[in-house]
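I have placed the structure first, in the form of structure tokens, so that the comments after it can refer back to it.
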Protein chains: 2
Amino acid sequence: MLKEERQQVILEKLGTDKKVTLVDLGQILNVSYDSVRRDVIELEDRGLLKKVHGGAIAHSYLAMKSSKGLGVVNTEFVTIAKKALKLVENNKIILMDGGTTNFYIAEQLPKNLEVTVVTNNPHLATVLSEHPKIEIILLGGSFYKRYQITLGSKTIQDLENIQADLYFMGTNSISIESGLAIRHYEESILKQKMMSISRKTIVCALEEKINREENYKVCNFTDLDCLITSLNSSDDQLSGFWNKGVDIL
Amino acid sequence: MLKEERQQVILEKLGTDKKVTLVDLGQILNVSYDSVRRDVIELEDRGLLKKVHGGAIAHSYLAMKSSKGLGVVNTEFVTIAKKALKLVENNKIILMDGGTTNFYIAEQLPKNLEVTVVTNNPHLATVLSEHPKIEIILLGGSFYKRYQITLGSKTIQDLENIQADLYFMGTNSISIESGLAIRHYEESILKQKMMSISRKTIVCALEEKINREENYKVCNFTDLDCLITSLNSSDDQLSGFWNKGVDIL
DNA sequence: AATTATTTTGCAAATATTTGCAAAATAATT
DNA sequence: AATTATTTTGCAAATATTTGCAAAATAATT
């Protein structure tokens, strides 16, 4: 097996699972841990993943590449996407950012739905191309390779004359005290702008994002209209989130 | 067995398997590893594959559908792309539209090249993401599903304050009498705008596009700065194209 | 603080590549 | 048709790369 093949497998697995351990990779690829470790180091040098103690985690870039079409279905994403679908109605203008969940929402949208989707995520535009009746507006600007989205002042300017009905926002962290925050400054500004031009903001948050903290704050929890998670309403992690004027699905 | 035959076999195998090892090739072709190695080196020089330790892997565009059938390398595209590369220099602003050749150019660009690429083609942005030093500006606007590009007045407006050095234009047809023309009205307008903001316009035209005619005219032949084809200079099809002030490669 | 897991480092064996060379095959010239 | 030049091919020696291992160092966990 060629080194490049192995690295390809690593990236694919990362694209679907978000994280891998070196032990797993060694078994899957049937080479020593030293070899996979060296592969992972090379891939990190090329900026394609982030190496951590014991394994590696994906840049969202990879998710974009492999989520379209093949790949293992991540049930948590699907659960969230299904809930999100209920909020979508014909003839609405929907804003979708670079959040991974948005891919799953896009894939699940009914084929005959007539809406306009505005997005800064080109890969989302590709996925939505399968829907004949959806109109797609792509936001221009500087293309940020790592997250595979457009960003910057041009992107914000493009939003100036748009009024959206729903905004499906992705986030890296959400908590009662610190609100919503993400890892990238410019993107946090963009998300604020997106909120400001949308009638409703809906956050889709994986379990792991809840009660975490990140560097760049986007908004307070109470600024949201709706939070969608895969947790049940009885779950402890959600205890502080109720009765704050935010719908929780 | 002729060298060319062997190389053909290598490319075909690469087209289906995406990767080959030199050991396998040596056995299949029944020549020494030195010979297959030399073949692979030649093919790499021609931009038809990527050589790696122990074998070779296909370029990602190998999988792209071509008139010659799926999985077959379209050498014509690669030939044109190779010629186009010579025009690209560091620190230039390069405009690339939705032309198919632009994928090949993008993939063949040197990894250390420092340029800015402006494009209305999101898939091109993805391909260019592999180049760490290339800055990418994506043009916003209505996303036209069929061609997977952004189009319309917003896209044209985005070009307003940009001055590009080179514009690599794709076309559906080119002839002396009718000039350049394509099949889509809105796109023809966009191409005109793109020409107007670029110091040089280079057209990459497949053999089959030459001396054809299409519905929406973009410009006259003499408005171009350079025409790149895979034909040789002696070819009849090009007879009328010379001495019009347009470089022909 | 002790235990366990992971990483780093240097090393040796296996494998692959590069280089120059000579023989064979092919193409060009007389 | 014979000679000459050029290209192709396989080989062998010198290098370089990859791989797995083991010991030491470091990080994470209990």
Side-chain angles (χ1 to χ4, degrees), chain A residues 1-14 17-59 62 172-173 183 207-209 211-214 236-237, chain B residues 1-14 17-59 62 73 75 79 82 108 110-112 130 132 232 234:
Chain A
M1 190 176 214
L2 296 173
K3 187 174 67 169
E4 282 70 19
E5 285 182 72
R6 287 201 317 260
Q7 297 185 352
Q8 196 58 44
V9 172
I10 295 174
L11 291 178
E12 274 164 20
K13 190 158 171 51
L14 262 180
D17 297 1
K18 303 278 158 220
K19 55 187 182 255
V20 288
T21 66
L22 297 187
V23 178
D24 283 353
L25 287 177
Q27 277 162 5
I28 291 168
L29 298 167
N30 209 35
V31 284
S32 73
Y33 306 135
D34 298 80
S35 290
V36 278
R37 182 172 292 112
R38 276 181 281 234
D39 285 335
V40 165
I41 290 170
E42 265 189 46
L43 291 168
E44 184 177 43
D45 286 345
R46 285 165 54 198
L48 298 173
L49 52 75
K50 179 152 175 50
K51 192 177 170 309
V52 294
H53 195 92
I57 53 177
H59 283 161
L62 291 171
N172 293 139
S173 74
R183 266 191 290 266
E207 206 174 316
E208 58 177 17
K209 312 290 188 191
N211 291 315
R212 281 212 329 182
E213 311 219 337
E214 282 289 352
D236 271 359
Q237 288 181 267
Chain B
M1 190 176 214
L2 296 172
K3 187 173 67 165
E4 282 71 18
E5 284 182 74
R6 289 201 314 262
Q7 296 186 352
Q8 197 55 45
V9 172
I10 294 174
L11 289 178
E12 275 164 19
K13 190 157 169 52
L14 213 44
D17 298 359
K18 306 292 164 217
K19 78 237 161 193
V20 287
T21 65
L22 296 187
V23 178
D24 282 354
L25 287 176
Q27 276 162 5
I28 292 168
L29 298 166
N30 209 35
V31 284
S32 73
Y33 304 135
D34 298 80
S35 292
V36 277
R37 184 171 291 112
R38 275 181 282 234
D39 286 335
V40 165
I41 290 170
E42 265 189 46
L43 291 169
E44 184 178 43
D45 286 344
R46 286 164 54 199
L48 297 172
L49 52 75
K50 180 157 172 46
K51 190 177 171 309
V52 297
H53 194 95
I57 54 178
H59 277 145
L62 275 175
V73 199
T75 51
T79 308
K82 280 272 168 193
Q108 304 262 339
K111 287 286 176 208
N112 59 347
E130 308 285 330
N232 340 33
S234 57

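Residue numbers begin at 1 in each chain, while the letters A, B, ... track the order of the sequences.
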Check step by step if side-chain contact (heavy atoms from CB on, under 4.5 Å) holds for A/L29 and A/I10.
CA-CA 9 Å; A/L29 298 167; A/I10 295 174; 4.1 Å; yes

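- Counting heavy atoms from C-beta outward, A/L11 and A/Q7 have side chains that stay 4.5 Å or more apart.
- Between the C1' atom of C/dA16 and the CD1 atom of B/I41 lies a distance of 12 Å, rounded to the nearest Å.
- Nearest-nucleotide positions on DNA chain C for B/G55 and A/G55 put A/G55 closer to the 5' end.
- The existence of a salt bridge linking A/E5 and B/K19 is confirmed by a sub-4.0 Å separation between a basic side-chain nitrogen and an acidic carboxylate oxygen.
- What separates CZ of A/R38 from P of C/dC11 is a distance of 14 Å, to the nearest Å.
- Under the 4.0 Å criterion applied to side-chain N and carboxylate O atoms, A/E4 and B/K50 are not assigned as salt-bridge partners.
- Put simply, the side chain of B/L43 reaches to within 4.5 Å of the side chain of B/R46, judged on heavy atoms.
- Among all heavy-atom pairs drawn from B/L49 and B/A56, the shortest one is CD1-CB, 4.1 Å.
- Between B/K3 and D/dT7 there is no side-chain N or O to OP1 or OP2 distance below 4.0 Å.
- At D/dT8, none of the side-chain N or O atoms of B/R6 fall inside 4.0 Å of OP1 or OP2 (strictly under the cut-off).
- Between B/R37 atom CZ and D/dA16 atom P the separation is 15 Å, expressed in whole Å.
- Within the nucleic acid shown, B/V36 has no heavy atom closer than 4.0 Å to any nucleic acid atom.
- Each of A/V23 and B/V52 has a nearest nucleotide on DNA chain C; the 5'-most of these lies closest to A/V23.
- Whole-Å rounding puts the A/L2 CG to D/dT19 C1' distance at 14 Å.
- With A/R212 contributing its side chain and A/N172 its backbone, the two residues share a donor-acceptor pair below 3.5 Å.
- Heavy-atom distances under 4.0 Å link DNA chain C to A/D34 of residues 25-34 of chain A, given in residue order.
- If you measure from atom CE of A/M1 to atom C1' of C/dA16, you get 18 Å, rounded to the nearest angstrom.
- Looking at B/K18 and B/I57, their side chains never come closer than 4.5 Å, going by heavy atoms from C-beta outward.
- Minimum interatomic distance between A/L2 and B/H53 (heavy atoms only, all atoms of both residues): CD2-O, 3.6 Å.
- In the set C/dT8, D/dT18, D/dT19, D/dT18 carries the atom at the smallest distance from any side-chain atom of B/H53.
- The separation between A/D24 atom CG and C/dA5 atom C1' is 15 Å, rounded to whole Å.
- In DNA chain C, the stems built from three or more successive Watson-Crick or G-U pairs (distances below 3.5 Å) are C:1-30 with D:1-30.
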